[in-house]
Amino acid sequence: MKHLLLIFLSAFAAQVAFAQITDPKATEVWDPAPKVIEPANGSAAPSDAIILFNGKNLSEWVSHKNNTIDAPWTVNADGSMTVKPGTGDIETKKSFGDCQLHLEFKAPEEVKGEGQGRGNSGVFLQNRYEVQVLDCFRNKTYSNGQTGSIYKQSMPLVNACLAPGQWQTYDILYTAPRFNRDGILTAPGRITVLHNGIVIQLNTEIKGTTEYIGLPKVSAHDKAPIRLQDHGDLVSYRNIWIREL
Ligand code: MG
């Protein structure tokens with residue numbers, strides 16, 4: 001009975017509170033105000049982005065195997081870089097958590113291999129969670145390993161691939177997983193991916209590490225580098241920028 005009375009009273013109080021707002025200004029937020037930035041046309045970097053690859057050098061990157069070594073991939077005269085097969089993955093010097101990431105990639109024009117062996121690379125968020133880069137233009141493979149899949153976890157909503165030799169874009173919105181002080185997952189990572197402007201992952205839950213063999217693994221971690229995969233194919237990248245969120 002006491003409970004019912006309390007519920008009744010609080011509902012009544014809420015109604016009174018609503019009823020008392022007569023000034024439109026009462027529900028306006030002026031402070032804080034969003035920071036003013038300059039957006040850019042097309043896929044160019046906005047003013048508050050960190051440029052991860054500007055087409056000139058790999059100064060923001062190191063070898064994943066040994067992060068005291070410069071990134072060993074090839075920088076091309078046209079402002080792109082290309083995987084140097086056998087040298088291993090590269091990763092950013094800086095570490096990131098929640099972010100907006102833009103990058104452009106291109107599979108070699110000369111088609112070689114099939115399935116997972118054609119234009120394979122990958123973008124790893126926080127060094128662990130792979131958004132697959134693959135040439136799936138008229139190339140069949142398992143659905144949860146296609147271009148734009150969260151590798152072995154979530155297939156893309158559609159196949160938005162352009163033909164090999166053409167530049168393609170990824171725009172990735174990423175919320176890092178949250179862990180408590182005991183290292184227990186309290187909120188999974190989430191990811192939205194646009195491939196050539198098309199939504200192919202929408203707020204997809206990340207189940208853990210993207211393993212080639214076996215199930216995803218979950219273990220606590222902090223901010224970590226963005227990593228690009230050397231899968232032995234001559235995949236190129238350009239115009240890579242990131243905004244920390
Ligand atoms: Mg890959």
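We count ligands from 1, going down the list as the structure has it; atoms in each ligand are counted the same way.
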(message) Please give me the protein atoms (N, O or S only) lying under 2.8 Å from the Mg ion (ligand 1), ordered by chain and number.
(response)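 Metal shell, protein only: Asn120 OD1, Ser121 O, Glu130 OE2, Gln132 OE1, Gln229 OE1.
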Answer with yes or no whether the side chains of [Y] and [X] bring together a donor and an acceptor at under 3.5 Å.
| X | Y | value |
| --- | --- | --- |
| Tyr237 | Ser121 | yes |
| Glu91 | Asn127 | yes |
| Ser236 | Thr82 | yes |

(request) Check whether the ring centres of His102 and Tyr170 lie less than 6.0 Å apart, and answer yes or no. (result)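 Ring-ring flag for His102/Tyr170: false, centres at least 6.0 Å apart.
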(message) Within the 4.5 Å heavy-atom criterion, are Glu130 and Phe124 side-chain neighbours or not?
(response)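 Result yes, sub-4.5 Å side-chain heavy-atom pair found.
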(message) Nearest 0.5 angstrom please: Ser80 OG to Trp167 CH2, how far?
(response)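 It is 4.5 Å, given to the nearest 0.5 Å.
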